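Below: the structure, in structure tokens.
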Amino acid sequence: MKIWKCLAAAALAAAMVMTALPMTAFAATSISSIKLDIDSNISSGDSDSDVEVSTHSDSAHYEVSDVEVTNEPSGEWKDSSRPKLKVTITADDDYKFSSISKSDVTLYGSDGTVTSVKKSDDDLIVNITLDRLEDSDDDDDDDDDDDYELDVSEAAWDESMGRAVWDGAADAKKYELRLYRGGAQIASVTTTNEYYNFGSYFTSAGNYQYQVRAVHGSSNKGSWESSEYFYADSATASYILTNYGNASNASSSSSGSGPSGTSSGTQTAIGTVVPASTGMWILDNTGWWFMRANRTWPAGTWELIDGKWYLFNAAGYMLTGWQQLGNLWYYLGNDGAMRVSSWIDNQYYVNADGVWVQ
């Protein structure tokens with residue numbers, strides 16, 4: 001039968017690019033949200049940093065392994081200071097963190113804001129900025145900048161696509177950016193995201209650098225944070241311009257049914273970027289891949305994205321069609337999403353776990 005030839009080809013391709021990953025393994029071990037209790041006794045005028053962070057639920061499959069106050073003063077805490085916490089979270093044995101973004105972390109107790117979430121080896125690093133300490137009786141409010149956390153940090157480049165990325169500020173309503181090539185400013189833009197795709201500006205070789213600052217209001221702006229220089233030669237600049245010159249900087253999430261956000265059969269331009277709740281889909285000359293919110297991407301593994309499972313080869317590209325993992329077969333649609341509890345070609349039934357029932 002023709003289908004068996006297709007299945008055999010798919011099995012060979014899967015075996016060449018990735019290690020078999022049984023469905024039951026990834027489904028049972030994923031941690032997709034974090035809940036933390038914060039108990040802060042830091043006060044204006046204190047010289048110590050008395051703060052505790054713990055898991056909110058005894059049944060959570062993770063624990064807080066380290067808490068660091070990253071902006072502890074050399075003397076006393078001042079009015080309007082906002083303590084910053086670096087919280088390291090470790091998963092229990094046989095559990096792992098999935099793609100967790102800031103919106104997946106809930107705080108209880110002392111008020112604060114999650115400013116960034118990153119993976120570090122097998123741990124999860126959650127950066128939190130607590131609410132500002134109460135003002136003293138000195139009612140000098142002339143400098144309103146002290147009332148807001150507007151510090152931007154870790155301005156960096158995703159050199160594969162000419163994309164600026166940074167760790168945002170707790171009180172930012174938007175960000176202003178300046179792009180430079182060879183020391184000359186070539187662009188000035190504004191975004192509400194914590195990234196910006198500069199692909200359309202890579203029109204020639206040169207040293208590229210950008211500055212970014214957080215904005216709360218017209219009179220409340222943070223300091224400019226500069227990235228490192230990124231030298232793009234002619235070939236690199238041409239590649240970025242060709243593949244990512246039309247990359248989107250939209251803030252809203254796509255409501256489409258697949259990575260392209262379009263119906264089956266619709267032509268999609270190379271360089272398309274489609275936001276998702278935990279990152280973004282990116283289409284290049286090879287195919288679709290997924291960049292998580294922490295700027296990593298799945299490769300040789302499954303990933304749960306907006307409630308659907310996707311399979312990625314060892315190079316990080318989304319797979320489609322029949323795929324064999326061990327002794328089990330799965331079917332991935334044209335949009336890459338694993339099909340469950342449905343008939344494929346009116347001949348082959350896949351169960352609720354996506355496994356072909358033979």
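Because the structure is predicted, anything quoted here is derived from the model rather than measured. Numbers here simply count residues along the sequence, with the first being 1.
No hydrogens or angles considered: nothing links the side chains of Asn334 and Thr320 as a donor-acceptor pair under 3.5 Å. Counting only N and O atoms by type, the side chains of His56 and Asp37 include a donor and acceptor under 3.5 Å apart. Side-chain atoms of Ser49 and Glu72 include a donor-acceptor pair closer than 3.5 Å. Defined by atom type and a distance below 3.5 Å, a donor-acceptor pair is missing between the side-chain atoms of Thr88 and Asp123. Side-chain contact annotation: Tyr195 with Arg163, donor-acceptor N/O pair under 3.5 Å absent.
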For this session: Go through the steps for Tyr108 and Ile38 under the test side chain to side chain contact (heavy atoms under 4.5 Å, CB included), then give the verdict.
Result: CA-CA 6 Å; Tyr108 299 87; Ile38 301 178; over 6 Å; no
Problem set entry | Thr55/Glu63 under side-chain hydrogen bond (donor to acceptor under 3.5 Å, both in side chains): CA gap, chis, key distance, verdict | CA-CA 6 Å; Thr55 57; Glu63 63 179 9; over 6 Å; no
For this session: Determine, step by step, whether Met338 and Leu311 satisfy the side chain to side chain contact (heavy atoms under 4.5 Å, CB included) criterion, reporting the C-alpha distance in whole Å, the side-chain angles of both residues, the deciding distance to 0.1 Å, and the verdict.
Result: CA-CA 8 Å; Met338 184 188 72; Leu311 186 59; over 6 Å; no
Problem set entry | Criterion ring-ring contact (aromatic ring centres under 6.0 Å, His included) on Trp281 and Tyr310, from CA distance to verdict | CA-CA 12 Å; Trp281 288 98; Tyr310 296 82; 4.9 Å; yes
Problem set entry | Derivation of the side chain to side chain contact (heavy atoms under 4.5 Å, CB included) call for Trp224 and Val152 | CA-CA 8 Å; Trp224 289 101; Val152 174; over 6 Å; no
Exercise. Going through the checks in order, is the side chain to side chain contact (heavy atoms under 4.5 Å, CB included) test met by Arg181 and Ser204?
Worked result: CA-CA 9 Å; Arg181 182 174 59 227; Ser204 63; 3.4 Å; yes
For this session: List the steps and the verdict of side-chain hydrogen bond (donor to acceptor under 3.5 Å, both in side chains) for Thr190 and Glu176.
Result: CA-CA 5 Å; Thr190 301; Glu176 296 177 344; 5.2 Å; no
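Phe198 and Tyr196 have their aromatic ring centers within a separation under 6.0 angstrom. Outside the 6.0 Å centre-distance limit, the rings of Trp329 and Tyr348 are not counted as a close aromatic pair. Taking the six-membered ring wherever Trp is involved, the centroid distance between the rings of Tyr317 and Trp297 does not fall below 6.0 Å. Note: Trp288 and Phe312 fail the aromatic proximity criterion, with ring centroids not under 6.0 Å apart.
Distance check, rounded to the nearest 0.5 Å: CG of Leu283 to CE of Met318 gives 9.0 Å. The distance from atom CG of Asp167 to atom CD of Glu225, rounded to the nearest 0.5 Å, is 10.0 Å. For the atom pair CG of Asp50 and CG of Asp48, the computed distance is 6.0 Å after rounding to the nearest 0.5 Å. Once rounded to the nearest 0.5 Å, the distance linking OH of Tyr331 with CH2 of Trp322 reads 8.0 Å. With rounding to the nearest 0.5 angstrom, the CG atom of Asp151 is 7.0 Å from the OG atom of Ser223. Considering CH2 of Trp77 and CZ of Arg132, their distance stands at 15.0 Å, rounded to 0.5 Å.
If you chain together hydrophobic residues whose side chains sit under 4.5 Å apart, Val51 and Ile34 fall into the same group. Taking hydrophobic clusters as Ile, Leu, Val, Met, Phe, Trp and Tyr residues chained together by side-chain heavy-atom distances below 4.5 Å, Leu241 does not share a cluster with Tyr244.
A donor-acceptor pair under 3.5 Å is formed between the side chain of Asn71 and the backbone N or O of Lys84. For the pair Gln209 (side chain) and Ser227 (backbone), a donor-acceptor distance under 3.5 Å is present. Although no hydrogens or angles enter the test, the distance criterion places a donor-acceptor pair under 3.5 Å between the side chain of Tyr175 and the main chain of Ala169. A distance-only check finds a donor-acceptor pair linking the side chain of Gln324 to the backbone of Gly326 [under 3.5 Å]. A donor-acceptor distance shorter than 3.5 angstrom exists from the side chain of Asn243 to the backbone of Tyr239, with no hydrogens or angles considered. With hydrogens and angles ignored, the 3.5 Å screen pairs a side-chain donor or acceptor of Asp158 with a backbone N or O of Ser160. A side-chain donor-acceptor contact under 3.5 Å links Asn351 to the backbone of Asp353. No donor-acceptor pair under 3.5 Å is formed between the side chain of Trp289 and the backbone N or O of Ala299. No donor-acceptor distance shorter than 3.5 angstrom exists from the side chain of Ser238 to the backbone of Ala235, with no hydrogens or angles considered. Proximity of a side-chain donor or acceptor of Thr115 to a complementary backbone N or O of Asn127 within less than 3.5 Å is detected.
A perpendicular orientation is assigned to the rings of Trp157 and Phe202, their planes being inclined by more than 60° (bins at 30° and 60°). Using a 30° and 60° split on the angle between ring planes, Trp302 and Trp309 fall in the perpendicular class, above 60°.
The shortest non-hydrogen separation linking Tyr62 to Ser33 is CE2-O, 3.9 Å. Nearest approach of Ser226 to Gln211, heavy atoms of both residues: OG-NE2, 3.2 Å. Considering every non-hydrogen atom in both Ile240 and Gly199, the closest pair reads CG2-CA, 3.7 Å. Residues Ala337 and Lys308 share a closest heavy-atom pair of CB-CD, 3.8 Å. Between Val67 and Val64, the closest heavy-atom pair is CG2-CG1, 3.7 Å. Nearest heavy-atom pair across His216 and Lys173 is O-CD, 3.3 Å.
Side-chain contact between Phe230 and Glu228: absent, with no pair of heavy atoms (C-beta onward) separated by less than 4.5 Å. In this structure the side chain of Leu36 never reaches within 4.5 angstrom of the side chain of Thr106, judged on heavy atoms. Contact check for Ile128 versus Val87: side-chain heavy atoms found under the 4.5 Å cut-off. Considering only heavy atoms from C-beta on, Pro83 comes within 4.5 Å of Leu133 through its side chain.
Contacts of Lys102 classified as salt bridge (charged side-chain N to carboxylate O under 4.0 Å, His left out), with partners at least two apart in sequence or in another chain: Glu194.
By the 4.5 Å side-chain criterion applied to Ile, Leu, Val, Met, Phe, Trp and Tyr, Tyr349 is assigned to a cluster that also includes Trp343, Val357.
For Tyr229, the OH atom counts as loosely surrounded, since its 6.0 Å shell holds 12 or fewer non-hydrogen atoms of other residues, nucleotides or ligands. Residue Asp233 qualifies as enclosed at atom CG: its count of foreign heavy atoms under 6.0 Å is above 12.
The side chain to side chain contact (heavy atoms under 4.5 Å, CB included) test with Leu130 is passed by exactly one of Leu85, Thr113, Leu107: Leu85.
Using a cutoff of 4.0 Å between basic side-chain nitrogens and carboxylate oxygens, Glu149 and Arg82 are not scored as salt-bridged. Of the charged side-chain nitrogens involved, at least one lies within less than 4.0 Å of a carboxylate oxygen, so that Glu154 and Lys118 count as a salt-bridged pair. The pair Lys86-Asp66 does not count as a salt bridge, with every side-chain nitrogen at least 4.0 angstrom from each carboxylate oxygen. A salt bridge links Arg339 with Asp335; the closest basic N to acidic carboxylate O contact falls under 4.0 Å.
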